[in-house]
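These figures come from a predicted structure and were not determined experimentally. Chain A is the first sequence line, chain B the second, and so forth, proteins listed ahead of strands; every chain is numbered from 1.
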Protein chains: 2
Amino acid sequence: MAGKKASEPRTETGHGTDQSALVGLRQVAIAAGVSTATVSRAINTPHLVSPKLRERINEAIDRLGWVPDGTARALATKRSSTIGAVFPTLTHGDFARATTAIQQELQACGYTLLLACSDYDVEQEFRQIKKFIERGVDGLILVGENHHPDLARLLARRNVPTINTFVYSPDTHGTCIGPDNRKLFFDMTKYLIDMGHRVFAVVAQSVENNDRAEARLQGIQDALAQDGIAVRPQHFAIGQWSISEGRHLFRRVMTSEPRPTAVICGNPSLAVGAYLESLAMGLKVPDDVSIVGYDDIEVMSHLPVSLTTVRVQSEQVGRNAARYLVARLEGEDIEIPFQCDTEIVLRESSGPPPGNPATN
Amino acid sequence: MAGKKASEPRTETGHGTDQSALVGLRQVAIAAGVSTATVSRAINTPHLVSPKLRERINEAIDRLGWVPDGTARALATKRSSTIGAVFPTLTHGDFARATTAIQQELQACGYTLLLACSDYDVEQEFRQIKKFIERGVDGLILVGENHHPDLARLLARRNVPTINTFVYSPDTHGTCIGPDNRKLFFDMTKYLIDMGHRVFAVVAQSVENNDRAEARLQGIQDALAQDGIAVRPQHFAIGQWSISEGRHLFRRVMTSEPRPTAVICGNPSLAVGAYLESLAMGLKVPDDVSIVGYDDIEVMSHLPVSLTTVRVQSEQVGRNAARYLVARLEGEDIEIPFQCDTEIVLRESSGPPPGNPATN
DNA sequence: CAGATTTGTGTAAACGGTTACAAATAAGCG
DNA sequence: CGCTTATTTGTAACCGTTTACACAAATCTG
């Protein structure tokens, strides 16, 4: 393999391009004494080529060290075996886990993942999707249901199968997979109401361009409405996604009158922040106030007072999203479980409101 | 999504393929009354085509709604404008942040990111890289320096520029960018020694296929060795990356004799776990024991006792890695700052050892 | 054993762009 | 005003595969 030649290929420079650039299907065909069509078949549909030739071809392939050119193949077949995913961010645990799962699943099926982050910006997302389509992705994985107004047309026009993740609603139109965000928080709120809580605070992230967060808020309000309750304006705190924000907002709602007995947090960072602030404020959880969160991150179960939260199987979401697309591309018309498993994980941070020791 | 049917493509069905599939460079050329070459030039090198034609062509393009086919372009130009990144996992904050930064930077330069996770498996990584090369990536971003033995040859052969991230060592051979892991922990350890600590415990993740973690361990040992100290076997605890593991291991080292006065943790989860276990064990931090970690995740600064740790600018690593590759591909031979900014963030969890109130 | 199949290969035309080269047109100049 | 030099545009080859179609050889059939 080594000793090529040329005048003075003294050291590294690694211009290995000399001959290796020339090795294509053609060269393999010549080396094996067959036509290019046969080589192609030996690769893609081995059973259509005689064992003898197959043997010779394979031998030639790894003698020449040929690697098929995916680009050319994609052009010829009009399938890139590539899936694009656009997530708002990767720094949130659930998206990171889903992405990992997607990649794993795709890889197992011979697909490659193209990734982009929209940073919760619809325009940006749209641009990235267009880019992906230019690149010829065979399918698309997005988050949420509200996208750029022109997206639907574009997808239909180019006929790109798409699945919306982390969102599910019984009456939805598109193809989506995820938790029923509204119901999830509806149930969680119901649970708190049943325990006797009447004064609720909400500490959540902005719902801008985030229909999941919006649905969750709706769930809370719907549940409360059933009992004629509402979240008072001073108990409704919207902010960034961070622990420190959780602390601020928690303190704010807890220092306003009347003092809430239950604080529902919209994401794990806010919940952890809320709890840590309660610690700093010298409040007893859950005796003075119940705190519940969304998404189960590891630290939640390890804090001095473990946090009640909602667990969403992000991996499952990712895996099934990938699986769905692949199946659809392979022609199978599968029905994946579009609603993913969720669970309200009851831990120490939630209990009856103060002065109401046992309603349960 | 229910009642789809057949027979009556009455409404949506979106078989927009009818004519849109036919719209290519050729049709645009015809529509504009020019040759394909001119259209191509109007797109890629507008200054080479007269304003009049340019106008007409652009008009035709968006009248027909033409989207150039990236695959074909890639085949013709032999550049895919695509970069592949293989990370061990995305579930660790630093990698997630770096990935986000990479994607942002690449996007800004007109490149697309292909992503894969190797799960700390060299073979897997190699397979994924090969796949990426088949797909024609223009460059590669990897983590660490020890890869599959055949990788170097493959990369040289195909002439794919590559950068190793999260690793930097003054005497390294390849192109890499990241913190000097050894020095980082060397300094951290030195700081603890200077404060008077003599009995050290290490709680870290496995170093298998992880030269970064290995280098950090080496840094600890080197620093200790300078003062003739070593970590006793019973104080050397290696395990998984998780909070619960951090708790276990912390308890284990703290219940062995002699009791360590300083516990160095190899990652943020272990550090948080260690601290939480100290709480559960009723130990005072830092009075009874100092705890330090690696990587600054938000919760560390918010715990009742904030944690001393090392901060690595993962975004910077990612951004510069991307920038480097792009520059290299554009022909510029830039010198990025290969060593990334790091900082030992001193917080409450570290202090003088018990019975040594003031050495500082 | 001639004719109808099946099976294994080769030929050559796509796939949808880019680009070297040639040709035509416009501009510059002594 | 011819001749040289830029500037624009067109022609056609090429990028590296796949695959429809044709064809020859092997395998059946009656």
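Taking atom CZ of B:Arg41 as the reference point, atom C1' of C:dT18 lies 10 Å away to the nearest angstrom. Between the CD1 atom of A:Ile57 and the C1' atom of C:dG8 there is a distance of 11 Å, given to the nearest Å. Taking atom CG of residue B:Asp69 and atom P of nucleotide C:dG17, one finds them 5 Å apart after rounding to whole Å. Per the geometry, CD1 belonging to B:Ile30 stands 15 Å off C1' belonging to D:dT11, to the nearest Å. The separation between B:Leu48 atom CG and D:dT9 atom P is 10 Å, rounded to whole Å. Summarising the geometry, the separation between CD on B:Glu55 and P on D:dT8 is reported as 16 Å, rounded to the nearest angstrom. Taking atom CG of B:Leu75 as the reference point, atom P of C:dT18 lies 11 Å away to the nearest angstrom. Straight-line distance from the CD atom of A:Gln27 to the P atom of D:dT17: 8 Å, rounded to whole Å.
Of the two residues near DNA chain D, B:Leu53 and A:Ala76, the one whose nearest nucleotide lies more 5' is B:Leu53. Heavy-atom nearest nucleotides on DNA chain D were determined for A:Arg26 and for B:Pro51, and the one closer to the 5' end corresponds to B:Pro51. A residue-by-residue look at B:Val67 and A:Val34 shows that A:Val34 has its nearest nucleotide of DNA chain C further toward the 5' end.
Comparing C:dG17, C:dG10, D:dT9 by their nearest atom to the side chain of A:Ser35 picks out C:dG10. When distances run from any side-chain atom of A:Ala37 to the nucleotides C:dT11, C:dT9, C:dG17, the shortest one goes to C:dT11. The listed nucleotides are D:dC15, D:dA20, C:dT18; the one nearest the side chain of B:Arg73 is C:dT18.
The aromatic rings of B:Phe166 and B:Phe95 lie perpendicular to each other, with more than 60° between the two planes, well past the 30° mark.
For the pair B:Ser50 and D:dT9, the criterion of a side-chain N or O lying under 4.0 Å from OP1 or OP2 is met. The shortest distance between the side-chain N/O atoms of B:Trp66 and the OP1/OP2 oxygens of C:dG16 is not below 4.0 Å. Residue A:Lys78 places no side-chain N or O under 4.0 Å from the OP1 or OP2 atom of C:dA14. Contact between the side-chain N/O atoms of A:Thr77 and the OP1/OP2 oxygens of D:dT18 is not found at any separation under 4.0 Å. At the phosphate of C:dT9, neither OP1 nor OP2 sits under 4.0 Å from any side-chain N or O atom of A:Thr38.
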- Given the rule in the side-chain contact (heavy atoms from CB on, under 4.5 Å) test, do A:Tyr111 and A:Thr82 qualify, once you have shown the distances and angles that lead to the verdict? CA-CA 5 Å; A:Tyr111 283 75; A:Thr82 269; 5.8 Å; no
- Task: Under the side-chain contact (heavy atoms from CB on, under 4.5 Å) rule, what do A:Ile141 and A:Thr165 come out as? Steps first, then yes or no, please.
- Result: CA-CA 7 Å; A:Ile141 298 178; A:Thr165 60; 3.6 Å; yes
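Using a 4.0 Å heavy-atom distance criterion, B:Thr36 is classed as a base contact. Within 4.0 Å of B:Val39, counting heavy atoms only, lies no atom of the nucleic acid at all.
Of the charged side-chain nitrogens involved, at least one lies within less than 4.0 Å of a carboxylate oxygen, so that A:Glu59 and A:Arg63 count as a salt-bridged pair.
We find the CG-NZ distance between B:Leu154 and B:Lys130 to be 8.0 Å, quoted to the nearest 0.5 Å. A distance of 10.0 Å separates OH in B:Tyr324 from SG in B:Cys176, rounded to the nearest 0.5 Å.
Side chain A:Arg54 to base C:dG8: no donor-acceptor pair is found below 3.5 Å.
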